[in-house]
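Take a look at the structure set out below.
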Amino acid sequence: MNPTPEPRRLTVDATALGLPPGKYALPGYGNILDFAAGDNAKANEISHRLTLHFTGRMPLAELRAEEVDFLRDHLRGQVQDRLQDCLDHFAAHVPRRYAEATPEPQAAEWARKVTLAPHDTRSLLLVGPVGTGKTHYAYGALRAVAETGARLLWTSYTAANLFGHLRPRSGVESETEYQAIVTAPLLFVDDLGAAKLSDWTEEVTYRLINDRYEKCLPGIFTTNVRPADFSDMFGARVASRLTEMCDRIAMKGDDRRKQAAK
Ligand SMILES: Nc1ncnc2c1ncn2[C@@H]1O[C@H](COP(=O)(O)OP(=O)(O)O)[C@@H](O)[C@H]1O
Ligand SMILES: [Mg+2]
């Protein structure tokens with residue numbers, strides 16, 4: 001007896017169906033047979049047409065309306081589960097102080113773009129003095145990413161913790177740790193340049209930024225270093241890559257922490 005095959009999971013351009021992008025389990029023959037009310041000949045024909053569609057040989061517009069509805073219903077069932085996973089990931093990883101951060105409109109727009117085209121969306125670089133809301137803005141953007149329901153799982157570190165985490169020490173395979181971070185689908189590094197740079201931290205920063213740059217992987221970075229001082233602070237190689245790979249957002253205003261203390 002043939003085992004029942006696993007439903008195929010494919011990256012589907014579900015946006016055309018009004019659903020978030022991502023990997024979906026396609027309808028299996030059993031689903032199609034149900035839809036065809038048990039009519040094998042009809043199910044075979046629909047199955048063939050859907051295969052043509054998923055292999056790029058039949059545009060959505062050429063599927064029959066009832067086939068599109070069937071497909072949408074089948075995929076929609078998977079959206080709710082995935083959205084819940086994304087919101088759970090956010091809730092589990094956001095620091096308590098920023099748990100209520102909501103996205104600025106520009107951040108929500110960025111989140112939409114980055115989930116649709118992670119390799120073609122520039123990273124965000126939030127620049128501004130201490131207390132202007134950079135970290136808050138970044139977590140708002142990460143919430144917006146979660147709210148799209150696209151499984152673009154993120155990893156976040158303050159630069160200081162990142163260096164602490166990667167520092168060679170016994171019992172830890174630093175290179176494996178580094179590889180996990182450098183390949184994260186979306187990486188948030190907070191407060192670049194806040195920790196004093198040594199030759200070692202400068203080299204790690206360069207490797208990290210350059211590897212992410214080469215892989216076209218998106219990120220969010222924050223710093224209170226002024227753009228004019230990037231080269232001095234991070235070195236010319238990092239400064240130039242950050243400038244090319246990021247949209248810079250200037251955070252202005254007074255230190256919100258001082259206001260809160262008044
Ligand atoms: N848009 C905002 N709405 C409400 N509180 C904010 C907002 N932006 C920042 N804050 C609060 O102000 C304080 C400083 O913001 P933070 O993001 O930590 O600043 P930065 O990272 O620039 O030093 C934090 O307590 C943060 O929760
Ligand atoms: Mg901060």
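When a ligand or atom number is given, it counts from 1 through the structure's own listing order. Source: prediction; values computed, not measured.
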Under the 6.0 Å and 45° cation-pi test, does Arg82 pair with Tyr24?
-> yes
Of Thr158, Thr135, Asp190, the residue with the heavy atom nearest atom 21 (O) of ligand 1 is Thr135
Starting from atom 15 (O) of ligand 1, which protein heavy atom do you reach first, and at what distance in Å?
-> Gly133 CA, 3.6 Å
Does the ring center of Phe188 lie less than 6.0 Å from the ring center of Tyr139?
-> yes
Looking only at non-hydrogen atoms, the one of Lys258, Arg256, Glu104, Arg257 nearest atom 10 (N) of ligand 1 is Arg256
Counting backbone and side-chain atoms alike, does Thr222 have an N/O/S atom under 2.8 Å from the Mg ion (ligand 2)?
-> no
Ring geometry between Phe163 and Trp200 (parallel below 30°, tilted from 30 to 60°, perpendicular above 60°) | perpendicular
Is the closest heavy-atom distance from Tyr98 to ligand 1 below 4.0 Å?
-> yes
Side chains of Thr158 and Asp190: is there a donor and an acceptor less than 3.5 Å apart?
-> no
Option set Glu100, Arg97, His136, criterion heavy-atom distance to atom 2 (C) of ligand 1, minimum | His136
Would you check the N or O atoms of Gly131, main chain and side chain alike, for any that come under 3.5 Å of an N or O of ligand 1?
-> yes
Backbone or side-chain N or O of Tyr137 under 3.5 Å from ligand 1 N or O | no
Distance-only side-chain donor-acceptor flag, Asn210 / Arg237, under 3.5 Å | no
Please verify whether a non-hydrogen atom of Met251 lies at under 4.0 Å from ligand 1.
-> no
Provide the closest heavy-atom pair for Ala117 versus Thr121 in the form atom of the first, atom of the second, distance.
-> O-OG1, 2.7 Å
Just by modelled atom types, is the Ala184 backbone N or O under 3.5 Å from a matching donor or acceptor in the Arg212 side chain?
-> yes
